[in-house]
**Student:** 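For reference, the structure I am asking about is given below.
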Protein chains: 2
Amino acid sequence: MNEITGRRENTRDRLLELAEAAVLQKGFGATSIEELIAGVGISKSGFFYHFSDKGELAKALLLRYIERDNVILDELFAQADALNEDPLHGFLVALKLFGDMMGAMTEVHPGCMVASVCYQEHLFDREIHALARDGVIAWRRRFRARLDAIVALYPPKLPVELDDLADMLSVMVDGGITISRVTRDPVLLARQIMLYRAFVKAVFLGA
Amino acid sequence: MNEITGRRENTRDRLLELAEAAVLQKGFGATSIEELIAGVGISKSGFFYHFSDKGELAKALLLRYIERDNVILDELFAQADALNEDPLHGFLVALKLFGDMMGAMTEVHPGCMVASVCYQEHLFDREIHALARDGVIAWRRRFRARLDAIVALYPPKLPVELDDLADMLSVMVDGGITISRVTRDPVLLARQIMLYRAFVKAVFLGA
DNA sequence: GGAATGACTGTACCGCAGGTCCAGCCGCTC
DNA sequence: GAGCGGCTGGACCTGCGGTACAGTCATTCC
């Protein structure tokens with residue numbers, strides 16, 4: 001709140017900003033506290049003033065990531081809904097927009113924070129794992145709500161559980177990011193999202 | 001080769017065995033050399049006799065993982081082919097077998113080595129990344145070959161690129177493992193594989 | 001029988017990263 | 001001018017990855 005001095009607008013946020021970029025690029029373990037404090041120009045004590053330990057940083061990072069992710073999804077669905085009344089076509093449009101968004105990324109997708117956490121299991125306490133879990137379950141509920149609206153109008157042509165179909169989007173985004181990173185192919189993720197879209201179409205409209 | 005003494009059957013293999021379990025459970029960064037040497041009962045010098053550094057261990061681990069993975073897939077497809085002449089039904093049977101295999105795991109799936117590597121980017125050199133990449137591309141080619149055989153008999157009912165459809169299996173397995181781990185739901189992966197199977201059916205047989 | 005080789009052991013040491021402790025400082029508000 | 005938020009500075013500890021190097025002991029080759 002040093003708006004008058006203007007010297008630094010929230011050091012904590014600047015730490016998180018820098019940390020997020022570093023973590024998504026090279027992993028949490030590889031991101032040292034020393035590099036972060038050098039980056040924002042504070043001392044080690046300053047870092048530990050904001051975060052009691054590295055785990056607290058991870059927690060804050062994950063929380064921030066999930067929040068922003070939700071905002072993006074809200075906007076995306078709002079945009080799609082504005083263009084369309086029908087729940088199925090709204091969902092399909094949203095998926096198209098999402099795919100375009102992912103495809104527009106020139107570099108390979110920065111990576112998924114949830115997966116980052118998952119494959120760094122030891123580093124984090126239960127609390128942080130619960131956070132990741134809640135994030136994924138929130139996605140499930142969000143997509144499931146969309147599917148419920150669709151199924152009321154379009155009886156499914158294929159026998160699928162709606163929770164599974166909802167999870168499938170999270171699965172494909174997460175897996176898509178990983179495979180996209182490993183193969184260094186930035187468009188792979190977008191193409192996989194389009195495949196999910198094709199599947200949703202097949203389920204509710206038939207082949 | 002100390003078969004006569006019988007004292008130790010290949011310390012290197014025992015190191016890899018122990019390391020694999022530890023890495024898949026808690027991540028590469030969290031697996032210390034000290035815990036490994038304590039586990040197999042050798043000295044630190046002994047470890048560095050076998051691996052020049054931790055990166056070499058990672059490389060050996062990944063190589064071993066990919067090799068074993070290929071053996072499992074070979075057996076699985078052979079088993080499915082033995083039951084079936086038709087390429088589409090062979091593929092569908094293989095997917096069913098694969099799903100059952102994943103579902104039979106009482107605990108959550110141990111995790112995918114490729115993803116482990118991907119989210120530990122910094123630790124590893126180019127060589128190891130190339131290894132992971134080659135592994136994924138080998139999967140693509142393997143599944144693509146199956147799809148090519150199918151498409152010759154069953155013209156696709158939906159417009160999909162076969163490379164994308166091949167990649168989709170890797171994507172769903174990898175993403176499924178991650179989401180399965182995060183939600184601590186061991187059956188999620190199996191259900192997602194069944195969804196992939198449903199999509200393949202829809203593509204080649206229609207809804 | 002002697003030399004070489006493979007598979008180690010033991011000891012000592014280095015640098016880095018995470019983390020702790022604690023005293024102090026500076027600008028702001030009450 | 002007292003107190004608080006947001007730091008600084010420095011000393012110190014631990015664990016881990018890694019290096020260096022000399023020695024050991026069983027087996028194998030000539």
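Each chain gets a letter, A, B and so on, in the order the sequences are listed, and its residues count up from 1.
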**Student:** Once you measure the plane-to-plane angle for A:F91 and A:Y196, does it fall in the parallel (<30°), tilted (30-60°) or perpendicular (>60°) bin?
**Tutor:** perpendicular
**Student:** One pair to check against salt bridge (Lys or Arg N to Asp or Glu O under 4.0 Å): A:R144 and A:D163. What are the steps and the verdict?
**Tutor:** CA-CA 6 Å; A:R144 171 67 198 250; A:D163 271 348; 3.1 Å; yes
**Student:** Provide, to the nearest angstrom, the distance between the CD1 atom belonging to A:I37 and the C1' atom belonging to D:dG9.
**Tutor:** 12 Å
**Student:** Reckon A:T11 has a side-chain N or O less than 4.0 Å from the OP1 or OP2 of D:dC7?
**Tutor:** yes
**Student:** Would a 4.5 Å heavy-atom cut-off, applied to side chains only, mark A:M105 and A:L189 as touching?
**Tutor:** no
**Student:** May I have the distance from B:I42 (atom CD1) to C:dT9 (atom P), rounded to whole angstrom?
**Tutor:** 6 Å
**Student:** With a cut-off of less than 4.0 Å, is there a side-chain N or O of B:S45 near OP1 or OP2 of D:dC21?
**Tutor:** no
**Student:** Restricting to nitrogen or oxygen on both sides, can you table the protein-nucleotides 16-18 of chain D pairs closer than 3.5 Å?
**Tutor:**
from	atom 1	to	atom 2	distance (Å)
D:dG17	OP1	B:K54	NZ	3.0
D:dG17	OP2	B:I33	N	2.9
D:dG17	N7	B:K44	NZ	3.2
D:dG18	OP2	B:K54	N	2.9
D:dG18	N7	B:K44	NZ	3.2
D:dG18	O6	B:K44	NZ	3.1

**Student:** Please report, rounded to the nearest Å, how far the C1' atom of C:dA7 is from the CG atom of B:L15.
**Tutor:** 12 Å
**Student:** Charged N to carboxylate O below 4.0 Å: is that the case for A:E20 and A:R68?
**Tutor:** yes
**Student:** Looking at residues at least two apart in the chain, or sitting in another chain, which of them share a salt bridge (charged side-chain N to carboxylate O under 4.0 Å, His left out) with B:R197?
**Tutor:** none
**Student:** If we ignore hydrogens and angles and just use 3.5 Å, is the side chain of A:K54 paired with the main-chain N or O of A:F28 as donor and acceptor?
**Tutor:** yes
**Student:** Answer whether the closest heavy-atom distance between the side chains of B:M168 and B:F143 falls below 4.5 Å.
**Tutor:** no
**Student:** I want to check one thing: is the phosphate of C:dA7, taken as OP1 and OP2, less than 4.0 Å away from some side-chain N or O of B:H50?
**Tutor:** no
**Student:** Kindly give the atom pairs (protein nitrogen or oxygen, nucleotide nitrogen or oxygen) under 3.5 Å for nucleotides 3-5 of chain D.
**Tutor:**
none

**Student:** Is there a donor-acceptor pair under 3.5 Å between the side chain of B:Q192 and the backbone N or O of A:D164?
**Tutor:** yes
**Student:** Provide, to the nearest angstrom, the distance between the CZ atom belonging to A:F51 and the C1' atom belonging to C:dT20.
**Tutor:** 18 Å
